[in-house]
Amino acid sequence: MKKASSNKIIISGTGCALADLIYNQVSFSNPGFLKYLSKQTGDGGLSPGKLVFTEELEKFSGKPYPEILKEIVGNRPPDKMNVGGPSLVSLIHAAQMLVKEDFEVKFYGMGGNDNHAQQIFDMVSQTPLNIGNYKTSPNRSTPTTDVFSDPDYDNGHGERTFVNNIGAAWDITLEQIGDEFFDAQIQCFGGTALVPHLHDNLTTLLKRSKQTDCITVVNTVFDFRNQKSNPGKPWPLLDSFDDYELIDVLIMDCEEAMKISGTTDIEEAARFFASTPVSSFIITNGANELFAKSNGLLFEQTEILKFPVSKMIAPEIKSNPALRGDTTGCGDNFVGGIITSLAVQLKNAERGKFNFTDAISWGVSSGGFCCFTVGGTYHEQFAGEKKQKIELLQKEYLKQIKD
């Protein structure tokens with residue numbers, strides 16, 4: 001296959017976009033939190049690192065959500081409202097990292113007819129992301145997630161718990177994505193488990209994408225709907241095993257990978273995805289090493305590889321507590337780093353010869369940098385500011401893994 005032309009590369013993405021309402025310093029050992037802790041997987045209770053839908057938490061507790069929220073955080077408002085969602089945040093990051101003259105990143109999604117939608121629009125308008133296809137649902141509220149962040153959880157590595165209101169995401173359909181979405185060299189589907197109609201038709205979307213011979217990226221999110229409806233069974237992602245060939249880069253965290261594959265540990269999950277026809281996959285695991293493999297169709301061929309997290313992040317935060325943000329959006333920024341590397345490599349290399357280590361280094365560095373901020377979206381003081389900061393981390397990371 002020939003190299004990409006010198007024309008501008010278009011990246012289109014759809015999936016989860018929402019308002020993150022972030023509550024910092026919420027202790028998961030607090031009685032108000034423990035009261036609503038999940039007793040078994042999928043029962044609708046709170047669980048560190050996982051997402052639950054508002055209505056499921058209400059069923060679990062027998063209380064309206066505003067009462068639950070008050071018991072967890074008191075009367076205080078969120079510490080911060082930020083743009084969130086595994087699709088939108090990843091695409092914002094990629095747009096910030098790429099030069100506008102050579103790349104354009106577009107988001108396709110929907111907000112509600114409320115203040116949160118306007119806040120998201122105002123905040124994203126300050127970034128290079130094209131949101132001309134961010135539509136408004138007249139009948140539903142903007143999707144939101146209350147993010148409870150405990151920075152002391154897991155021996156100081158930190159963790160978050162999420163309560164999600166799907167809202168207008170119920171109204172996003174295949175028809176509303178439109179034909180223009182598929183006129184892009186890279187097409188991304190992020191967190192579709194929180195956008196029901198897209199998730200249930202992901203195979204159809206990917207087949208349409210592959211008609212244009214584009215690069216497809218799928219990054220997952222906790223699939224509470226399928227966990228609730230089929231507890232103990234693998235989560236359905238695609239229509240069949242063979243449909244994994246439609247995905248060029250599949251990015252999951254450890255739990256999502258195990259749930260989708262029906263396995264019980266990360267190594268077993270990695271072996272499962274290595275057995276599928278997926279072109280490449282990456283399984284992240286918080287502060288632990290990630291697993292990755294490429295079959296050679298996009299990146300150079302590899303065995304199952306292990307990569308550490310950046311060793312620069314934790315010491316920086318410990319030596320300077322003022323730098324401490326939270327882990328909200330680390331995974332989404334990781335995905336944005338992968339998309340960034342894909343776009344640059346598409347301009348300069350042939351498929352099958354893309355550098356997997358380069359992509360992962362940008363993912364790890366982008367996710368690590370997110371720990372220095374509160375929320376997943378970094379608001380730049382000037383164009384290219386974020387890229388300058390992350391380039392330093394990426395260069396050090398390459399030295400780290402070389403040594």
Close side-chain approach of Gln96 and Thr127, heavy atoms under 4.5 Å: yes
Closest approach of Pro277 to Asn295 (non-hydrogen atoms, all atoms of both residues): O-ND2, 3.9 Å
Chi angles and distances behind the side chain to side chain contact (heavy atoms under 4.5 Å, CB included) call for Lys386, Phe369: CA-CA 9 Å; Lys386 191 177 188 182; Phe369 177 77; 4.0 Å; yes
Salt bridge Lys311-Glu396, side-chain N to carboxylate O under 4.0 Å: no
Minimal non-hydrogen separation, Thr203 against Asp239, with atom names: OG1-N, 2.8 Å
Working for side chain to side chain contact (heavy atoms under 4.5 Å, CB included), residues Leu18 and Thr144: CA-CA 5 Å; Leu18 43 78; Thr144 58; 5.6 Å; no
Check against side chain to side chain contact (heavy atoms under 4.5 Å, CB included), Leu88 and Tyr134: CA-CA 10 Å; Leu88 185 55; Tyr134 181 62; 5.7 Å; no
Rounded distance [0.5 Å steps], CD1 in Ile283 versus CG in Asp253: 9.5 Å
Sub-4.5 Å side-chain heavy-atom contact between Val218 and Asp248: no
N-O pairing of Arg225 and Asp200 below 4.0 Å: yes
Side-chain donor-acceptor pair present, Thr54, Asn165, cut-off under 3.5 Å: no
Residue pair Val309 / Gly286: nearest heavy atoms and the distance that separates them: CG1-O, 3.5 Å
Salt-bridge present (Lys353, Glu300; N to O < 4.0 Å): no
Student check: side-chain heavy atoms of Phe307 and Thr357 closer than 4.5 Å: yes
Tyr244 vs Leu250 side-chain heavy atoms within contact, under 4.5 Å: yes
Candidate pair Lys80 and Tyr23, rule side-chain hydrogen bond (donor to acceptor under 3.5 Å, both in side chains), full reasoning: CA-CA 7 Å; Lys80 189 174 184 179; Tyr23 296 87; over 6 Å; no
Criterion side chain to side chain contact (heavy atoms under 4.5 Å, CB included) on Leu246 and Leu238, from CA distance to verdict: CA-CA 10 Å; Leu246 302 170; Leu238 302 172; 5.8 Å; no
Whether over 12 other heavy atoms sit under 6.0 Å from Asn115 CG: no
Smallest separation among heavy atoms of Lys8 and Glu101, with atom names: CE-O, 3.6 Å
Spacing of Leu342 atom CG and Leu346 atom CG [to the nearest 0.5 Å]: 8.0 Å
Other residues, nucleotides, ligands: >12 heavy atoms within 6.0 Å of Lys210 NZ: yes
Ser341 and Asp358 side chains, donor-acceptor separation under 3.5 Å: yes
Between Gln118 and Asp122, a side-chain donor and acceptor under 3.5 Å: yes
Polar side chain donor-acceptor pair, Gln394 to Ser361, under 3.5 angstrom: yes
For residues 192-199, tabulate all N or O donor-acceptor pairs below 3.5 Å that involve a side-chain atom, not counting sequence neighbours.
from: Thr192; atom 1: OG1; to: His199; atom 2: ND1; distance (Å): 2.8
from: His197; atom 1: NE2; to: Trp170; atom 2: O; distance (Å): 3.1
from: His199; atom 1: ND1; to: Ala193; atom 2: N; distance (Å): 3.3
from: His199; atom 1: NE2; to: Asp223; atom 2: OD2; distance (Å): 3.3

Worked check of side-chain hydrogen bond (donor to acceptor under 3.5 Å, both in side chains) between Glu71 and Tyr36: CA-CA 10 Å; Glu71 289 190 57; Tyr36 300 104; 2.5 Å; yes
Any side-chain heavy-atom pair of Ser279 and Ile247 under 4.5 Å: no
Carboxylate-amine/guanidinium contact Lys63 Glu58, below 4.0 Å: no
Donor-acceptor pairs are to be reported for all side-chain atoms of residues 103-111 against protein atoms at under 3.5 Å, with residues two or more places apart or in another chain.
from: Glu104; atom 1: OE2; to: Asn130; atom 2: ND2; distance (Å): 2.8
from: Lys106; atom 1: NZ; to: Glu180; atom 2: OE2; distance (Å): 3.0
from: Tyr108; atom 1: OH; to: Glu180; atom 2: OE2; distance (Å): 3.1

Under 3.5 Å: donor-acceptor pair, side chain of Asn219, backbone of Ile251: no
Leu46 CG to Leu37 CG distance, which is reported to the nearest 0.5 Å: 7.0 Å
Sub-4.5 Å side-chain heavy-atom contact between Ser137 and Asn113: no
Flag, side chain of Glu385 to backbone of Gln381, donor-acceptor distance under 3.5 Å: yes
is_close_aromatic(Phe148, Phe28), centroid dist under 6.0 Å: no
Nearest-0.5 Å distance that lies between atom OG1 in Thr14 and atom CD1 in Ile177: 3.5 Å
Parallel, tilted or perpendicular: rings of Phe281 and Phe273 (30°, 60°): tilted
From Leu98 atom CG to Ile11 atom CD1, the distance as rounded to the nearest 0.5 Å: 5.0 Å
Evaluation steps, side-chain hydrogen bond (donor to acceptor under 3.5 Å, both in side chains), between Thr142 and Asp114: CA-CA 7 Å; Thr142 297; Asp114 55 24; 2.6 Å; yes
Distance flag, aromatic centroids of Phe224 and Trp235, threshold under 6.0 Å: no
Residue Phe121 excluded, over 12 heavy atoms near CZ under 6.0 Å: no
Closest contact, heavy atoms only, Phe162 versus Gly49: CE1-O, 4.2 Å
Pairwise side-chain contact, Ile120 with Met81, heavy-atom cut-off 4.5 Å (strictly under): yes
Donor-acceptor contact below 3.5 Å, side chain Thr212 vs main chain Ser209: yes
Ser87 to Gly190 - nearest heavy-atom pair and separation: CB-O, 3.5 Å
Within-4.5 Å side-chain heavy-atom neighbours: Ile92 and Tyr378: no
Arg208 and Asp179 ion-paired at < 4.0 Å: yes
side-chain hydrogen bond (donor to acceptor under 3.5 Å, both in side chains) between Gln187 and Ser12, intermediate numbers included: CA-CA 5 Å; Gln187 297 173 24; Ser12 60; 5.0 Å; no
Distance in Å, Ile339 CD1 paired with Cys188 SG, rounded so as to fall on 0.5 Å steps: 3.5 Å
Modelled atom types, side-chain donor and acceptor of Lys306 and Asn288, under 3.5 Å: no
Side-chain donor-acceptor contact under 3.5 Å, His93 with Ser366: yes
Short side-chain to backbone donor-acceptor contact, Asp243 and Ser240, under 3.5 Å: yes
Ring centroid separation Phe189 to Phe181 under 6.0 Å: yes
